[in-house]
Amino acid sequence: MILIGFMGCGKTTIANELGRKLNKEVIDLDAVIPAIAGRTIPEIFADEGEAAFREYEYRALKETLQKDVIIATGGGVVTYDKSYDELKGLSGRPVFFLNAPFEDLYKRIQQDENRPLGNQDSEKVRELYNSRLDKYTSLASREVSTLQTVEKTAAEIIVYMDESNL
Ligand SMILES: Nc1ncnc2c1ncn2[C@@H]1O[C@H](COP(=O)(O)OP(=O)(O)OP(=O)(O)O)[C@@H](O)[C@H]1O
Ligand SMILES: O=C(O)C1=C[C@@H](O)[C@@H](O)[C@H](O)C1
Ligand SMILES: [Mg+2]
């Protein structure tokens with residue numbers, strides 16, 4: 001399964017919880033990218049720019065989709081057409097859009113410096129969120145709120161998987 005959604009929606013956290021519960025390997029694209037690029041996410045943004053970051057992210061996505069693992073994507077994966085098309089073309093693999101009100105997401109991402117695009121003033125980040133919403137929705141097999149505990153979110157996803165025989 002693949003988890004998508006804006007920064008701070010809980011993709012990494014929920015993927016790890018699902019991995020524990022389902023005893024399945026978890027791969028976070030934000031961890032694969034620095035391994036491919038040989039530098040951290042903020043370094044890639046600062047030295048090579050966002051376009052280069054999106055290409056690394058696309059390579060990380062393609063490589064990881066070969067494996068039967070739980071995938072936590074980065075918040076902006078949907079903004080790059082090649083990555084979007086890759087996700088759109090998946091069949092038989094559920095894509096969960098994790099979501100919460102923008103104000104909650106913004107609060108959650110302030111404690112972390114690994115998100116250069118999240119460390120801007122709230123109106124800029126809100127614009128980014130609004131510009132991505134349709135893309136998350138159009139890729140989603142199911143939207144799940146993370147305005148509930150991590151355990152409840154993971155349980156909701158597992159019920160959906162069971163009911164859909166996935
Ligand atoms: N109900 C919740 N579900 C998931 N995460 C939550 C929840 N409440 C608070 N958080 C917190 O939100 C923060 C962001 O979560 P996380 O890093 O999993 O987001 P993400 O979607 O992976 O973001 P990014 O796109 O930047 O990788 C974490 O500190 C997490 O503990
Ligand atoms: O929303 C985004 O554009 C990003 C989210 C993070 O997960 C990282 O992938 C990176 O900071 C970019
Ligand atoms: Mg993450």
Side-chain angles (χ1 to χ4, degrees), residues 1-21 25-37 39-64 69-84 86-87 95-137 139-140 142-158:
M1 79 188 78
I2 295 110
L3 306 184
I4 62 169
F6 199 68
M7 290 173 270
C9 71
K11 300 176 295 292
T12 300
T13 310
I14 302 297
N16 287 326
E17 178 72 11
L18 288 166
R20 266 192 300 276
K21 284 216 158 93
E25 188 185 346
V26 174
I27 297 184
D28 193 324
L29 299 189
D30 281 341
V32 178
I33 294 163
I36 293 178
R39 53 182 82 189
T40 67
I41 291 178
E43 282 167 354
I44 302 168
F45 270 83
D47 301 345
E48 300 181 65
E50 181 174 350
F53 176 82
R54 295 298 167 209
E55 188 59 32
Y56 287 126
E57 184 176 47
Y58 169 67
R59 281 166 52 194
L61 175 68
K62 283 234 9 158
E63 186 181 303
T64 309
V69 295
I70 298 172
I71 303 177
T73 60
V77 72
V78 299
T79 64
Y80 194 53
D81 286 351
K82 289 199 294 185
S83 296
Y84 179 92
E86 201 64 41
L87 292 167
V95 176
F96 292 97
F97 168 31
L98 305 186
N99 199 14
F102 174 77
E103 287 69 23
D104 296 272
L105 301 178
Y106 190 71
K107 268 188 227 143
R108 290 182 195 170
I109 60 182
Q110 293 317 301
Q111 299 114 357
D112 193 320
E113 77 250 352
N114 214 20
R115 303 177 176 106
L117 297 176
N119 297 337
Q120 310 179 74
D121 71 66
S122 110
E123 281 319 301
K124 279 230 172 72
V125 186
R126 186 193 295 274
E127 269 172 39
L128 206 58
Y129 174 75
N130 287 335
S131 73
R132 292 176 177 178
L133 258 182
D134 282 353
K135 293 182 176 154
Y136 297 132
T137 310
L139 288 173
R142 171 97 172 185
E143 179 172 339
V144 181
S145 168
T146 63
L147 207 58
Q148 54 184 342
T149 63
V150 172
E151 292 71 24
K152 281 195 174 150
T153 307
E156 193 177 323
I157 289 173
I158 291 170

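Read the numbers this way: they start at 1 and go in the same order the structure lists the ligands and their atoms. Since this is a predicted model, take the numbers as computed values, not measurements.
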For [atom], which protein heavy atom lies nearest, and how many Å away is it?
atom: atom 23 (O) of ligand 1; result: Gly8 N, 3.0 Å
atom: atom 2 (C) of ligand 2; result: Gly76 N, 3.3 Å
atom: atom 11 (O) of ligand 2; result: Asn114 O, 3.3 Å
atom: atom 1 (O) of ligand 2; result: Arg132 NH1, 2.7 Å
atom: atom 2 (C) of ligand 1; result: Thr146 O, 3.5 Å
atom: atom 10 (C) of ligand 2; result: Phe53 CZ, 3.8 Å
atom: atom 4 (C) of ligand 1; result: Gly10 CA, 3.7 Å
atom: atom 6 (C) of ligand 2; result: Asp30 OD2, 3.5 Å
atom: atom 3 (O) of ligand 2; result: Arg54 NH2, 2.7 Å
atom: atom 13 (C) of ligand 1; result: Arg108 CB, 4.0 Å
atom: atom 25 (O) of ligand 1; result: Lys11 NZ, 2.6 Å

To the nearest 0.5 Å, what is the distance between [atom1] ([X]) and [atom2] ([Y])?
X: Thr153; Y: Glu17; atom1: OG1; atom2: CD; result: 9.0 Å
X: Phe45; Y: Arg115; atom1: CZ; atom2: CZ; result: 12.0 Å
X: Leu61; Y: Ile2; atom1: CG; atom2: CD1; result: 8.0 Å
X: Ile44; Y: Ile33; atom1: CD1; atom2: CD1; result: 6.5 Å
X: Arg59; Y: Thr64; atom1: CZ; atom2: OG1; result: 12.0 Å
X: Phe53; Y: Arg39; atom1: CZ; atom2: CZ; result: 13.0 Å

Under 4.0 Å from a heavy atom of [X]: give me the atoms of ligand 1 that qualify, with their elements.
X: Asp30; result: 27 (O)
X: Gln148; result: 1 (N), 2 (C)
X: Phe6; result: 21 (O)
X: Gly75; result: 25 (O)

For ligand 1, the portion of Arg115 having any non-hydrogen atom under 4.0 Å away: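 The answer is the side chain of Arg115.
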Side chain, backbone, both or neither: the part of Asp28 lying under 4.0 Å from ligand 1 by heavy atom: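 Near ligand 1, Asp28 shows nothing, with every heavy atom at 4.0 Å or more.
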Main-chain N/O of Phe6 paired to Lys11 side chain as donor or acceptor, under 3.5 Å: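 Judged by distance alone, yes, a pair lies under 3.5 Å.
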Donor-acceptor contact present, side-chain Thr73 to main-chain Leu3, <3.5 Å: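 Checking the backbone N and O of Leu3 against the side chain of Thr73, a donor-acceptor pair under 3.5 Å is found.
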Looking at [X], which atoms of ligand 2 are within less than 4.0 Å of one of its heavy atoms?
X: Pro116; answer: 11 (O)
X: Leu117; answer: 3 (O)
X: Gly74; answer: 7 (O), 9 (O)
X: Arg115; answer: 11 (O)

Nitrogen or oxygen of Thr149 less than 3.5 angstrom from that of ligand 1: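 Not met; the criterion fails.
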Short N or O distance, Gly5 and ligand 1, threshold 3.5 Å exclusive: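 Min N/O separation from ligand 1 is not below 3.5 Å for Gly5.
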Of all pairs that satisfy side-chain hydrogen bond (donor to acceptor under 3.5 Å, both in side chains), the ones with a partner from residues 127-136, not counting sequence neighbours: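 Found Asn99-Tyr129.
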Exercise: identify the closest heavy-atom pair between [X] and [Y]:
X: Ala140; Y: Phe97; answer: CB-CB, 3.6 Å
X: Cys9; Y: Thr146; answer: O-OG1, 2.8 Å
X: Ala72; Y: Ala15; answer: CB-CB, 3.9 Å
X: Thr40; Y: Pro34; answer: CA-CB, 4.4 Å

Ala72 heavy atom under 4.0 Å from ligand 1: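 No.
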Val150 touching ligand 1 at heavy-atom level, < 4.0 angstrom: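 It does; at least one heavy atom falls under 4.0 Å.
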Ion pair Glu55/Lys82, N-O distance below 4.0 Å: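 Yes, charged N to carboxylate O under 4.0 Å.
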Distance-only donor-acceptor check, side chains Thr13 and Arg108, under 3.5 Å: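 No, because no side-chain N or O of Thr13 sits under 3.5 Å from a partner of the opposite role on Arg108.
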Enclosure of Lys124 NZ (heavy-atom neighbours >12, cutoff 6.0 Å):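 Incorrect, the count does not exceed 12.
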Heavy-atom nearest option to atom 18 (O) of ligand 1, drawn from Thr13, Asp104, Ile41: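 Selected option, by shortest heavy-atom distance: Thr13.
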N, O or S from Thr12 under 2.8 Å to the Mg ion (ligand 3):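 True for Thr12.
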Heavy-atom protein neighbour under 4.0 angstrom from atom 29 (O) of ligand 1: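 Under the 4.0 Å cut-off, atom 29 (O) of ligand 1 has no protein heavy-atom neighbours at all.
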